**Q** 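Handing you a structure now.
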Amino acid sequence: MKNEYSPLVKQAWRQLKNQGYDISMAKVFRLLFSDGEIDENGEPTQAAFDNGYVESVPINSPEGRHELLAQFKDANPLYRDIDDSHFLVTEDALGIDEFGQRIVANRIANDPNYLKTSRDSARLLLHMLDSEKREEDQRNDHD
């Protein structure tokens, strides 16, 4: 079993988790490896490029970050219309700022099509963000 996984394996795992799959990183590695999409080091094979699963743009380039964010937005419609400036993309992670978090949390909290637990979690996140903002404002008032 590998202890450290390549960025490609981590990205595939995060994408599957975001889509609701309960899968381990080890299983993602095994599946990609057995399908011939990655080698034993977790790096993409020529088949991965040929099949269009991987592009040759490095993730640490502006084009690579833009492509990763576009793929994320395609897989997660709640985020599609949030401006790219509200995201931070690194080789290992994709983050969203407070403004973006508020947009998504408000959408979930106010959409009856989501489970009650999801709506409650979104409301809790909004409450926490509001509390942090109040505390920050109070600290700034005392300075």
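We count residues from 1, following the sequence as given. In this text, all values refer to a predicted model and were calculated from it rather than measured experimentally. Atoms considered below: every heavy atom in the structure, side chains included; atoms not considered: hydrogens, waters and symmetry mates.
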**Q** Applying ring-ring contact (aromatic ring centres under 6.0 Å, His included) as the test, list every pair that has at least one member in residues 94-118; sequence neighbours left out.
**A**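 Listed by first then second residue: His86-Phe99.
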**Q** Begin with the C-alpha distance, continue with both residues' side-chain angles, and end with the deciding distance and a verdict on side chain to side chain contact (heavy atoms under 4.5 Å, CB included) for Leu88 and Asp97.
**A** CA-CA 8 Å; Leu88 173 66; Asp97 67 10; over 6 Å; no
**Q** Distance check, rounded to the nearest 0.5 Å: Ser131 atom OG versus Glu136 atom CD?
**A**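 Between Ser131 OG and Glu136 CD, I get 12.5 Å after rounding to 0.5 Å.
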**Q** Going by heavy atoms in the side chains, are Ile82 and Val104 under 4.5 Å from each other?
**A**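 Yes, side chains in contact.
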**Q** Listed by chain and number, what are the side chain to side chain donor-acceptor pair (under 3.5 Å) partners of Asp74, not counting sequence neighbours?
**A**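 Partners of Asp74 under the side chain to side chain donor-acceptor pair (under 3.5 Å) test: none.
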**Q** In the hydrophobic clustering (ILVMFWY, side-chain contacts below 4.5 Å, transitive), which residues join Leu125, or is it alone?
**A**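 Besides Leu125, the cluster holds Leu129.
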**Q** Could you pull out all residues at least two apart from Thr117 that satisfy side chain to side chain contact (heavy atoms under 4.5 Å, CB included)?
**A**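 Residues passing side chain to side chain contact (heavy atoms under 4.5 Å, CB included) with Thr117: Leu115.
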**Q** Using side chain to side chain donor-acceptor pair (under 3.5 Å) as the criterion, list what pairs up with Arg80, not counting sequence neighbours.
**A**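 Partners of Arg80 by the side chain to side chain donor-acceptor pair (under 3.5 Å) criterion come out as none, since no residue qualifies.
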**Q** Are Met25 and Tyr21 linked, directly or through other ILVMFWY residues, by side chains that come within less than 4.5 angstrom of each other?
**A**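 Yes, same cluster.
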**Q** Under 4.0 Å between a Lys/Arg side-chain N and an Asp/Glu carboxylate O for Asp120 and Lys116?
**A**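 Yes, Asp120 and Lys116 are salt-bridged.
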**Q** Between Ala109 and Leu126, what is the shortest heavy-atom contact and its length?
**A**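 So the two residues come closest at CB-CD1, 4.4 Å.
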**Q** Is the closest side-chain heavy-atom distance between Phe72 and Asn18 below 4.5 Å?
**A**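 Yes, close enough: below the 4.5 Å cut-off.
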**Q** Is there a path of hydrophobic side-chain contacts, each under 4.5 Å between heavy atoms of I/L/V/M/F/W/Y residues, joining Leu68 to Leu78?
**A**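 Same cluster.
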**Q** Distance alone, cut at 3.5 Å: any donor-acceptor contact between the side chains of Gln71 and Gln15?
**A**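 On atom types as modelled, these side chains do not qualify, holding no pair under 3.5 Å.
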**Q** Quick check for you: to the nearest 0.5 Å, what is the distance between Arg107 atom CZ and Tyr79 atom OH?
**A**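 That separation rounds to 10.0 Å.
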**Q** Sequence neighbours excluded, which residues qualify as ring-ring contact (aromatic ring centres under 6.0 Å, His included) partners of Phe87?
**A**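 Phe87 satisfies ring-ring contact (aromatic ring centres under 6.0 Å, His included) with no other residue.
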**Q** What is the distance from atom OG of Ser24 to atom CZ of Phe29, rounded to the nearest 0.5 Å?
**A**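 That separation rounds to 11.5 Å.
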**Q** Working to the nearest 0.5 angstrom, can you tell me the gap between Ile103 CD1 and Asp81 CG?
**A**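 These two atoms lie 7.0 Å from each other.
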**Q** Looking at residues at least two apart in the chain, or sitting in another chain, which of them share a side chain to side chain contact (heavy atoms under 4.5 Å, CB included) with Asn110?
**A**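 Testing Asn110 for side chain to side chain contact (heavy atoms under 4.5 Å, CB included), a comparison that skips the adjacent residues, returns Asn106.
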**Q** Ala122 and Ala105: which non-hydrogen atoms are nearest, and at how many Å?
**A**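 For Ala122 and Ala105, the tightest heavy-atom pair comes out as CB-O, 3.3 Å.
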**Q** Kindly write out the residues that satisfy side chain to side chain contact (heavy atoms under 4.5 Å, CB included) with Glu135, not counting sequence neighbours, or none if the list is empty.
**A**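 Side chain to side chain contact (heavy atoms under 4.5 Å, CB included) check on Glu135 returns Arg139.
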**Q** Looking at Asp39 and Gly42, would you say the former's side chain and the latter's main chain have a donor-acceptor pair under 3.5 Å?
**A**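 A pair under 3.5 Å: yes.
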**Q** Does Asp84 have any side chain to side chain donor-acceptor pair (under 3.5 Å) partners at least two apart in sequence or in another chain, and if so, which?
**A**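 Scan of Asp84 (side chain to side chain donor-acceptor pair (under 3.5 Å), adjacent residues dropped) gives Lys73.
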**Q** Determine whether Asp130 and Arg102 satisfy the following criterion, salt bridge (Lys or Arg N to Asp or Glu O under 4.0 Å), listing intermediate values before the conclusion.
**A** CA-CA 10 Å; Asp130 289 341; Arg102 285 182 182 279; 2.8 Å; yes
**Q** Considering only residues two or more places apart or on different chains, which pairs with a residue in residues 16-26 satisfy salt bridge (charged side-chain N to carboxylate O under 4.0 Å, His left out)?
**A**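 Passing the test, one end in residues 16-26: Lys17-Asp22.
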**Q** How long is the span from the CZ atom in Arg30 to the CD1 atom in Ile38, to the nearest 0.5 Å?
**A**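 Reported to 0.5 Å precision, the distance equals 11.0 Å.
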**Q** Membership question, hydrophobic clusters at under 4.5 Å side-chain separation (ILVMFWY): are Val28 and Phe33 in the same one?
**A**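 Same cluster.
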**Q** Asp83: which residues meet the side chain to side chain donor-acceptor pair (under 3.5 Å) condition with it, sequence neighbours left out?
**A**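 With neighbours one apart ignored, the set is Ser85.
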**Q** Out of curiosity, Asn113 CG to Ile108 CD1, how far, rounded to the nearest 0.5 Å?
**A**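 Taking CG in Asn113 and CD1 in Ile108, the distance rounds to 12.0 Å.
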**Q** Tracing side-chain links under 4.5 Å among I, L, V, M, F, W and Y, which residues wind up in one group with Leu124?
**A**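 Met128, which link up through side-chain heavy atoms under 4.5 Å apart, make up the rest of the cluster.
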